[in-house]
Chemist: 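Dumping the structure here so I can ask a few things about it.
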Amino acid sequence: MTLNHPGENKWRHQGWFAAHRWLLLRRTSQLLVLGIFLVGPLTGFWLVKGNLASSLTLGTLPLTDPYVLLQTLATGHVAEATAFAGAAIVLVFYLLVGGRLYCSWVCPVNMVTDTAEWLRRRLQIKANRIKLNRATRYWILVLTFVLPLLTGALVWELVNPVSLLFRGIIFGIGAVWVVVLAIFLFDLCLSQRGWCRHLCPVGAFYSLLGYISLVRIGAVRREHCDDCMDCFTVCPETQVIKPALKGEKQTSPVIFSGNCTHCARCIDVCDKNVFSFTTRFSKKPNTHEIHQMEVTS
Ligand code: SF4
Ligand code: SF4
């Protein structure tokens with residue numbers, strides 16, 4: 001078991017880059033998203049106007065967060081046609097690549113919660129002082145629609161840490177650091193992966209898209225699993241792995257849970273190259289295919 005240094009074996013056998021490739025790509029993606037929005041305020045050239053909730057790229061491509069659009073509709077406001085068009089584009093994208101890809105590849109809060117988890121491992125903090133049910137985030141999600149219905153205001157967006165941090169980075173952090181610090185300390189000291197795994201309604205919304213999305217992670221070489229547990233250690237939603245990795249031979253090795261964030265850390269850390277990106281239609285590879293993968297890995 002390599003509880004404190006998941007991926008150490010892969011690093012040793014296949015090199016540092018192989019053990020961090022997807023992590024590097026994700027961080028690049030998260031920083032790139034921020035960078036694209038920062039170009040306007042910094043240079044006066046508005047590549048993209050707006051924010052994660054609603055934006056216009058090069059004056060032509062509208063993108064709207066469907067979750068924010070639904071909350072807006074719940075307030076009773078009529079949205080513009082471009083908002084619906086932008087939401088449709090975003091919906092199609094996440095229905096293809098996986099809903100919670102938003103969490104791992106776009107959301108700026110993910111960098112905060114990943115850092116808290118990393119530090120938690122380094123400090124060997126194991127206790128969860130607050131025990132939360134994973135369904136809590138779905139109840140909060142419902143609440144974020146009920147409140148606009150009752151008040152006519154976008155209540156959740158006033159306190160949504162994702163929007164606050166994003167706007168804080170682009171337009172000045174202000175008092176947002178208090179919210180960020182609170183989430184960091186909550187995850188570090190009180191509840192492992194507490195915010196994203198149990199509370200955040202944004203992640204809960206995108207997980208619903210993830211249940212039917214095309215691209216998935218699969219334990220396609222699960223026969224090679226040596227039970228080192230590295231994938232369980234790094235996975236932000238541990239519960240999604242077991243059915244695919246430890247299912248009976250006839251069960252699919254594809255992870256069908258919408259809560260897999262497609263962070264690909266399981267691919268990074270697995271020395272046996274058990275995991276890879278695949279699609280929901282992927283079948284268990286036959287012996288010949290497994291042999292081919294062995295030869296090329
Ligand atoms: S669960 Fe929420 S805060 Fe966490 S990464 Fe996803 S959207 Fe961001
Ligand atoms: S199964 Fe893999 S890709 Fe999915 S959330 Fe866990 S570590 Fe990330």
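Just so you know, these numbers use all the heavy atoms, side chains as well, and skip hydrogens, waters and symmetry mates. Just follow the structure's listing: the first ligand is 1, and inside any ligand the first atom is 1.
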Chemist: Among K242, R265, R193, R137, which residue meets the salt bridge (charged side-chain N to carboxylate O under 4.0 Å, His left out) test with E237?
Modeler: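 When salt bridge (charged side-chain N to carboxylate O under 4.0 Å, His left out) is applied between E237 and each of K242, R265, R193, R137, only R137 qualifies.
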
Chemist: Which donor-acceptor pairs under 3.5 Å do side chains of residues 177-191 form with protein atoms, sequence neighbours excluded?
Modeler:
from	atom 1	to	atom 2	distance (Å)
D187	OD1	G194	N	3.1
D187	OD1	W195	N	2.9

Chemist: In total, how many protein N/O/S atoms does one find closer than 2.8 Å to atom 6 (Fe) of ligand 2?
Modeler: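 Number of qualifying protein atoms: 1.
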
Chemist: Quick one: which ligand 2 atoms are inside 4.0 Å of a heavy atom on H262?
Modeler: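 By the 4.0 Å cutoff, the relevant atoms are 3 (S).
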
Chemist: I want to check something: taking the side chain as every heavy atom from C-beta on, are L31 and M111 in contact at a cut-off of under 4.5 Å?
Modeler: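 Of all side-chain heavy-atom pairs linking M111 with L31, at least one is under 4.5 Å.
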
Chemist: Within a strict 4.5 Å, meaning less than it, do heavy atoms of the P62 and E80 side chains meet?
Modeler: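 A side-chain contact under 4.5 Å is absent here.
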
Chemist: Rounded to the nearest 0.5 Å, how far apart are OG1 of T64 and CZ of F84?
Modeler: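 If I round to the nearest 0.5 Å, the distance is 9.5 Å.
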
Chemist: Name all residues meeting the salt bridge (charged side-chain N to carboxylate O under 4.0 Å, His left out) criterion together with D271; count only those two or more places apart in sequence or in a different chain, and write none if there are none.
Modeler: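 Expected list: none.
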
Chemist: Any side-chain heavy atom of C196 within less than 4.5 Å of one from R100?
Modeler: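 Result yes, sub-4.5 Å side-chain heavy-atom pair found.
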
Chemist: Assess the residue pair R134 and N259 against the criterion (side-chain hydrogen bond (donor to acceptor under 3.5 Å, both in side chains)); give the C-alpha distance rounded to whole Å, side-chain angles, the decisive distance to 0.1 Å, and a yes or no.
Modeler: CA-CA 10 Å; R134 285 201 187 94; N259 274 311; over 6 Å; no

Chemist: Do the side chains of Y67 and P201 get nearer than 4.5 Å, heavy atoms only?
Modeler: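 Yes, side chains in contact.
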
Chemist: Considering only protein heavy atoms, which is closest to atom 3 (S) of ligand 2, and at what distance to one decimal place?
Modeler: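 Among all protein heavy atoms, the one nearest atom 3 (S) of ligand 2 is A264 N, 3.2 Å.
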
Chemist: Just how far is it from atom CG of L58 to atom CG of L47, taken to the nearest 0.5 Å?
Modeler: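 With rounding to 0.5 Å, CG (L58) is 5.0 Å from CG (L47).
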
Chemist: Would you say P108 and V162 make side-chain contact, with heavy atoms under 4.5 Å?
Modeler: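 In short, these two side chains touch, coming nearer than 4.5 Å.
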
Chemist: Distances under 2.8 Å only: what protein N/O/S atoms are near atom 4 (Fe) of ligand 1, ordered by chain and residue?
Modeler: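 The answer, once waters are left aside, is C196 SG.
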
Chemist: Can a non-hydrogen atom of R137 be found less than 4.0 Å from any atom of ligand 1?
Modeler: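 It does not, in that no heavy atom of R137 comes within the 4.0 Å cut-off of ligand 1.
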
